[in-house]
Number of protein chains: 2
Amino acid sequence: MPAENNCPHNAALNCSKCRLNAICLPLALEQSEIVQLDEIVQQGRPLQRNQHLYREGDAFNSIFAVRSGAVKAYSISDNGEEQVTGFYLPGEILGMDGIGQNRYASSAQAMEVSAVCEIPFIKIEELSGRLPNMQKHFFKLLSQEIVEDQRHMTLLSKHTAEERLASLLVSISARNARRNLSASSFHLPMSRTDIGNFLGLTIETVSRVFSRFAKQDLIDINKKEVYVIDIDALKRIALIEK
Amino acid sequence: MPAENNCPHNAALNCSKCRLNAICLPLALEQSEIVQLDEIVQQGRPLQRNQHLYREGDAFNSIFAVRSGAVKAYSISDNGEEQVTGFYLPGEILGMDGIGQNRYASSAQAMEVSAVCEIPFIKIEELSGRLPNMQKHFFKLLSQEIVEDQRHMTLLSKHTAEERLASLLVSISARNARRNLSASSFHLPMSRTDIGNFLGLTIETVSRVFSRFAKQDLIDINKKEVYVIDIDALKRIALIEK
DNA sequence: CGCCAGATTGAGTCAAGTCAAGCATAGTGG
DNA sequence: CCACTATGCTTGACTTGACTCAATCTGGCG
C-alpha cells in the first residue's frame, strides 16, 4: 500500500502548500486568491473506516475535499438498494449535490481511514461574489461533475461488464498517476460490493470479470491489490481509445 | 395535441412576463433582478425539427432555456453509439455541461419545432458576481442537474425495463402538470429510438413494454399519443412511492 | 481455534437483446 | 391522385450476458 508522505493527517497544512492543490484548484486561481481560500477551509476531520461524512437528507452546509484515504458517495433508492454514485480520491471534491435542495442528496462514507478538508458553502458564495476566478472555478467544478455523471450514465446503459470494469481500472490508474502514485500497481479502496453498486453489476460478476482479466494476463489481482500488466489492452476494452 | 397559448414563438416576450419563469427562475430572484436578467437573455432562435442547437465539442458560450417544443441532449461514445443524456421541455435549461471545458460535452437537437432563449454565460458570470441571488440560483441549477443525473444513474443500473419506462412516463406527466398542461393526456415528443437511448433499452423492448402497459390498462398509447389511465400504478411500478 | 465477512467459483435461469418479418403513416414524384 | 419509398413502430422466435442461488475458500480477529 503506497504510503502518503508529508503527513496527510496533519491538520496544519493549508491549501497554498498542499501538494494536492493542483488537483483541487486547477489553474484559474492566483496565489493571493488561494490565501483567501485558506482562511475558509477547515482542516482536520479524520474519518475512520465506514464513518459517514454526511448522510442523505442532512442539512447542507459544506463541500469537502478528500485529503487522504478514499470516500464513496451513495444514495438509497426507494426500493432500499444502494446506488454508489462516485468514488472520491485525494484531491477530489464531493458534496456538491447538496446545493440545490440545501440537503445532501447522497450519503458519503469513508472506505478507509481518511482525512478531508471542509469548505463551508456560505463562504464559497461570499468569496465567489468577490473573486471572479473563484466563481468561475466553482461553476467549472459543478459542470465537470455533470459531465462525469453523464459519462457514467453511458457506461451503465451501453457497456458490458468487462467494459465497465476495465473503465474503472483505467480511471483509478489515471487518477493515481495524477497524484504521482503508480499507475500500474495500486490498492483498491473499495469492496467488490461497492464496485458492483457503482458499475451496476453483482459482486459475482465483478469477481468473475477480474478473474477473466487475470487469466488473460491483463492484470494481477489479489483481493484489493491490483497490478496492471497491460493498460493499453484495458483501455481498448474500456473503449477509451481517443 | 395541446396548443401553446400566448404564442411561444414570439421573440418579444421577456423573462419577467414569460409564463414559464416560475420554472426557469424559481423563487430566489427579485423583480428588479429579473429585469437585469431580461437584458442579457437573447430570444427568438426558432429551431426546426432535427436542427441542432449546438454540437459536442463546439465552443461553449451560452446556456439555453427551452421556450416551446422539446430538445434532446446526447453524446456519441467512442464506439459510435448515441447516449441520450436528457430531454428538455419548456422552462428547462440545458447546456451547462459546457462550462467545465469551455466546450459542450454533448449535442443538443430539437425533437420538434422549438424555440429557445439563449443566455450568454459570460453575462451570467458578470451578473452572478453582482447579484448574490443570481449566483445562488445558478449554483442551484447546476447542482440540481447533478442530482437528476445521479437519479438517472440509479434508474439505469438498478431498474427493470418496466420501471424505467414507468419512471419516464411519470416524469413527463409531472413536468406537463407543472406547465398547467394535462398530466394524463400528452404527446411524447421523442421517438422510440430516443427513449431507448435514454433509458438504456432497445426500441423493441420499449415498444413491448408500452404494449404491456396498454394491455394492463395502465395507459392508452398510439404511436406518440399517450393517455395515462392509472398514474398511481405507474408510480408504484416506477418505485416513486414517497 | 473457530467465527465471520468478503471473495471466488460453478450451475442453472431469465430479462432483455438480436434477428427477422410485417404494418402504418407521411412524403415524393410521375 | 395513386403508387412508391422511407421511416418508425410493432410483434414473434430465438439467443445470451448477467443474475440468482449455492457451495467453498480465505484471511483477520476475538
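In what follows, every heavy atom counts, from backbone to side chain, and hydrogens, waters and symmetry copies are set aside. Please read all numbers here as calculations on a predicted model, not as lab measurements.
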A.B. asks: How long is the line joining CZ of Phe213(A) and C1' of dT9(C), in whole Å?
C.D. replies: 17 Å

A.B. asks: Please classify the nucleic acid contact of Gly196(B) as base, sugar-phosphate, or nothing, using heavy-atom distances under 4.0 Å.
C.D. replies: nothing

A.B. asks: Is the ring pair Phe198(B)/His152(B) parallel, tilted or perpendicular, if the boundaries are 30 and 60 degrees?
C.D. replies: parallel

A.B. asks: Would you please say whether a donor-acceptor pair under 3.5 Å links the side chains of Ser75(B) and Gln150(A)?
C.D. replies: no

A.B. asks: Side chain of Glu204(B), heavy atoms from C-beta onward: which of dT18(C), dG27(D), dT9(C) has the nearest atom to it?
C.D. replies: dT18(C)

A.B. asks: Is Thr202(B) close enough to dA16(C) that one of its side-chain N or O atoms is under 4.0 Å from OP1 or OP2 there?
C.D. replies: no

A.B. asks: With a 4.0 Å cut-off on N to O distance, would you call Arg179(B) and Glu92(B) a salt bridge?
C.D. replies: no

A.B. asks: If you only use heavy atoms from C-beta on, which nucleotide in dA18(D), dA16(C), dT20(D) is closest to the side chain of Ala161(A)?
C.D. replies: dA18(D)

A.B. asks: Please determine if Glu82(A) and Lys72(A) form a salt bridge, counting it only when a charged side-chain N lies under 4.0 Å from a carboxylate O.
C.D. replies: yes

A.B. asks: Could you check which of dT11(D), dC9(D), dT20(D) has an atom nearest any side-chain atom of Lys223(B)?
C.D. replies: dC9(D)

A.B. asks: What is the distance, rounded to the nearest whole Å, between atom CZ of Phe210(B) and atom C1' of dA24(C)?
C.D. replies: 18 Å

A.B. asks: To the nearest angstrom, how far is Arg192(B) atom CZ from dC23(C) atom P?
C.D. replies: 19 Å

A.B. asks: In this structure, how many angstroms lie between the P atom of dG6(C) and the CG atom of Leu188(A), rounded?
C.D. replies: 16 Å

A.B. asks: For Ser207(A), report the nucleic acid contact type (base, sugar-phosphate, nothing); a contact means any heavy atom under 4.0 Å.
C.D. replies: base

A.B. asks: Do Arg208(B) and dG12(D) share a donor-acceptor pair, side chain to base, under 3.5 Å?
C.D. replies: yes

A.B. asks: Whole Å only: how far is the NE2 atom of His159(B) from the P atom of dA15(C)?
C.D. replies: 17 Å

A.B. asks: Please give, in whole Å, the distance from dA7(C) P to Glu225(A) CD?
C.D. replies: 13 Å

A.B. asks: Within less than 4.0 Å of OP1 or OP2 of dT10(D), is there a side-chain N or O belonging to Ser211(B)?
C.D. replies: no

A.B. asks: Rounded off to whole Å, could you give me the CD1-to-P distance for the Ile221(B) and dT11(D) pair?
C.D. replies: 11 Å

A.B. asks: If you compare all heavy atoms of Leu218(A) against all heavy atoms of Ile237(A), which two are closest, and at what distance to 0.1 Å?
C.D. replies: CD1-CD1, 3.6 Å

A.B. asks: Where each residue is assigned the nucleotide of DNA chain D containing its nearest heavy atom, which of Met190(B) and Glu162(A) is assigned the position nearer the 5′ end?
C.D. replies: Met190(B)

A.B. asks: Roughly how many Å is it from CG in Leu165(A) to C1' in dT8(C), rounded to a whole number?
C.D. replies: 14 Å

A.B. asks: Picking from dG17(C), dT20(D), dT10(D), which would you name as closest to the side chain of Leu201(B)?
C.D. replies: dG17(C)

